[in-house]
Amino acid sequence: MSNTFGTLFRITTFGESHGAGIGVVIDGCPAGVAVEAAHIQAALDRRRPGQSDLTTPRKEADTVQIQSGLFEGMTTGTPISLFIPNADQRSDDYSHIAHAYRPSHADYTYDAKYGRRDHRGGGRSSARETAARVAAGAVAARLLAHFGIEVKAYVSAVGEIEVPLSYEELDLGLTETNLVRCPHPETAALMEARIRAARDAHDTVGGVITGVATGVPAGLGEPVFDKLPAVLGHALLSINAVKGFEFGSGFAGTRLAGSQHNDAFYTDEAGRVRTRTNHSGGSQGGISNGQDINFRVAFKPVATILQAQQTINDQGESISLAGRGRHDPCVLPRAVPIVEAMTQLVLADLLLRARANRL
């Protein structure tokens with residue numbers, strides 16, 4: 001199993017949903033980056049469970065413990081170890097699936113791969129693992145801030161309800177003003193109602209998160225196999241429940257003619273090379289061009305539903321199984337900081353790699 005991501009700015013996560021806790025070791029972060037525990041904690045607070053009635057009621061403070069790599073508010077250049085204890089596990093909630101395969105979960109595939117699995121909350125396959133990624137992303141964000149790079153994400157669709165405007169037309173400062181993390185207040189209200197309706201029907205709903213990175217300089221990306229969109233797609237598709245990734249114009253761009261889709265270059269008043277449109281999403285030839293990096297990530301409906309479904313057990317026998325315990329009716333609100341974190345990790349790594357490319 002690969003638990004490590006990145007080349008120069010590299011992370012390794014560990015831990016399970018119902019174990020002692022979740023953790024991450026960050027290797028390759030340069031010395032001298034200003035990082036306080038408060039920066040990491042603020043990111044974790046946005047991802048933690050139990051933050052509203054739109055999320056799982058599991059109560060986890062997700063208080064980070066910094067075990068190494070920071071001294072007097074600065075990184076030391078040595079491995080940074082972060083640990084997040086689990087405090088509110090209810091393993092008995094999962095006793096009914098000790099020998100059952102939940103529809104659309106990793107129960108069967110883990111059994112097929114390893115010959116054994118931790119059924120308590122899904123073990124290592126649980127989205128609880130993403131707390132470690134968010135903690136690491138907070139450190140990466142501090143490195144990016146040193147270079148004027150900022151990453152923001154927001155919920156742009158829940159089920160059939162979509163934000164009617166592009167990210168350029170929105171005030172992304174409004175993202176944190178509502179429970180669903182959508183910067184369009186009128187749409188956010190509809191999204192919240194849609195999630196509550198799914199919850200009340202003992203069902204779940206999926207959606208889309210849009211991500212934007214600003215201040216990214218030209219030159220990030222490692223052709224041919226580690227192109228910026230390729231590495232970003234790898235990172236985001238590794239998040240639990242992600243089923244799709246679009247970069248720039250994405251699939252909609254296929255409906256345009258080349259004459260409409262091409263991004264014309266010009267030089268602005270400051271002498272910088274810019275493009276008049278950004279169908280490319282900020283990358284050409286797999287290398288950033290100095291425009292905003294923008295993309296969309298599709299999340300499926302949460303697999304655990306509190307309804308009876310037909311499935312089989314590990315003996316191949318047909319059974320009826322209903323979900324129990326505490327689960328999100330929609331993963332989107334809590335996934336926003338996860339999308340941001342994985343983007344931050346990608347950009348931090350590519351930034352360091354780019355600085356090693358030429359004298």
Side-chain angles (χ1 to χ4, degrees), residues 1-6 9-27 29 35-52 54-70 79-91 94 106 118 120-142 151 153 176 181 209 211 235-242 297 299 302 304 325-328 330-346 348:
M1 179 189 291
S2 176
N3 300 292
T4 300
F5 181 79
F9 193 104
R10 187 168 56 254
I11 70 166
T12 300
T13 71
F14 60 90
E16 296 85 28
S17 177
H18 285 229
I22 297 292
V24 61
V25 176
I26 306 167
D27 200 7
C29 183
V35 181
E36 300 282 353
H39 296 133
I40 303 171
Q41 194 60 56
L44 286 169
D45 287 347
R46 294 174 64 221
R47 194 220 70 99
R48 67 176 177 82
Q51 59 186 272
S52 80
L54 299 185
T55 68
T56 169
R58 177 172 174 171
K59 296 295 184 183
E60 293 284 359
D62 281 354
T63 303
V64 66
Q65 298 176 4
I66 301 173
Q67 299 178 325
S68 67
L70 295 177
I80 300 168
S81 178
L82 307 174
F83 184 67
I84 305 150
N86 290 332
D88 189 26
Q89 312 98 308
R90 294 183 188 174
S91 299
Y94 298 90
D118 182 350
R120 303 168 304 165
R124 184 73 174 147
S125 69
S126 169
R128 179 101 185 108
E129 180 270 341
T130 60
R133 307 186 193 200
V134 170
V139 176
R142 298 301 298 164
V151 175
E176 296 295 320
R181 292 199 165 98
I209 289 176
L236 296 171
L237 285 164
S238 76
I239 299 172
N240 308 61
V242 169
V297 190
F299 286 79
V302 176
T304 299
R326 301 161 296 172
H327 305 280
D328 294 275
C330 178
V331 74
L332 275 296
R334 294 178 59 213
V336 166
I338 304 170
V339 168
E340 291 176 350
M342 292 309 297
T343 306
Q344 290 156 348
L345 291 168
V346 166

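In this text, all values refer to a predicted model and were calculated from it rather than measured experimentally.
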In this structure, CD of E36 is separated from CD of Q41 (nearest 0.5 Å) by 13.0 Å
dist S81:OG -> D27:CG (nearest 0.5 Å) comes out at 11.5 Å
Per side-chain contact (heavy atoms from CB on, under 4.5 Å), E340 is matched among I338, V336, T343 by V336
Show your working on side-chain contact (heavy atoms from CB on, under 4.5 Å) between F5 and T13 and close with a plain yes or no. CA-CA 9 Å; F5 181 79; T13 71; over 6 Å; no
Interatomic distance, CD1@I239 vs OG1@T130, rounded to 0.5 Å, equals 8.0 Å
Nearest heavy-atom contact between F9 and V139 is CZ-CG1, 4.3 Å
In this structure, CZ of R133 is separated from CD of Q344 (nearest 0.5 Å) by 13.5 Å
Checklist entry - Should S126 and E16 count as side-chain neighbours, where that means a heavy-atom distance under 4.5 Å? => result no
Donor-acceptor check, side chain of S68 to backbone of P79, threshold 3.5 angstrom: yes or no? yes
Side-chain donor or acceptor of D118 paired with backbone N/O of R124 under 3.5 Å:
no
Check: So N3 and E129, side-chain contact (heavy atoms from CB on, under 4.5 Å) or not? Walk me through it.
Finding: CA-CA 11 Å; N3 300 292; E129 180 270 341; over 6 Å; no
So CD1 of I80 and CD of Q67: to nearest 0.5 Å the spacing works out to 12.5 Å
query = Should the pair R46-D62 be classified as a salt bridge under the 4.0 Å nitrogen-to-oxygen rule?
reply = no
R48 vs I84 side-chain heavy atoms within contact, under 4.5 Å:
no
Margin query: When you measure from the side chain of Q65 to the backbone of F83, do you find a donor-acceptor pair of N or O atoms at a distance under 3.5 Å?
Written below: no
Hey, is the main chain of P333 close enough, under 3.5 Å, to the side chain of R181 for a donor-acceptor pair? yes
Here the gap from L332 atom CG to I209 atom CD1, rounded to the nearest 0.5 Å, amounts to 5.0 Å
Shortest non-hydrogen pair, A138 vs I40, comes out as CB-CA, 3.7 Å
When every non-hydrogen atom of V331 is compared with those of V302, the smallest separation belongs to N-CG2, 3.9 Å
Correct closest heavy-atom pair for I22 and A132 would be CG2-CB, 3.4 Å
Shortest non-hydrogen pair, L236 vs V242, comes out as O-CG2, 3.4 Å
Shortest non-hydrogen pair, A153 vs V339, comes out as CB-CG1, 4.1 Å
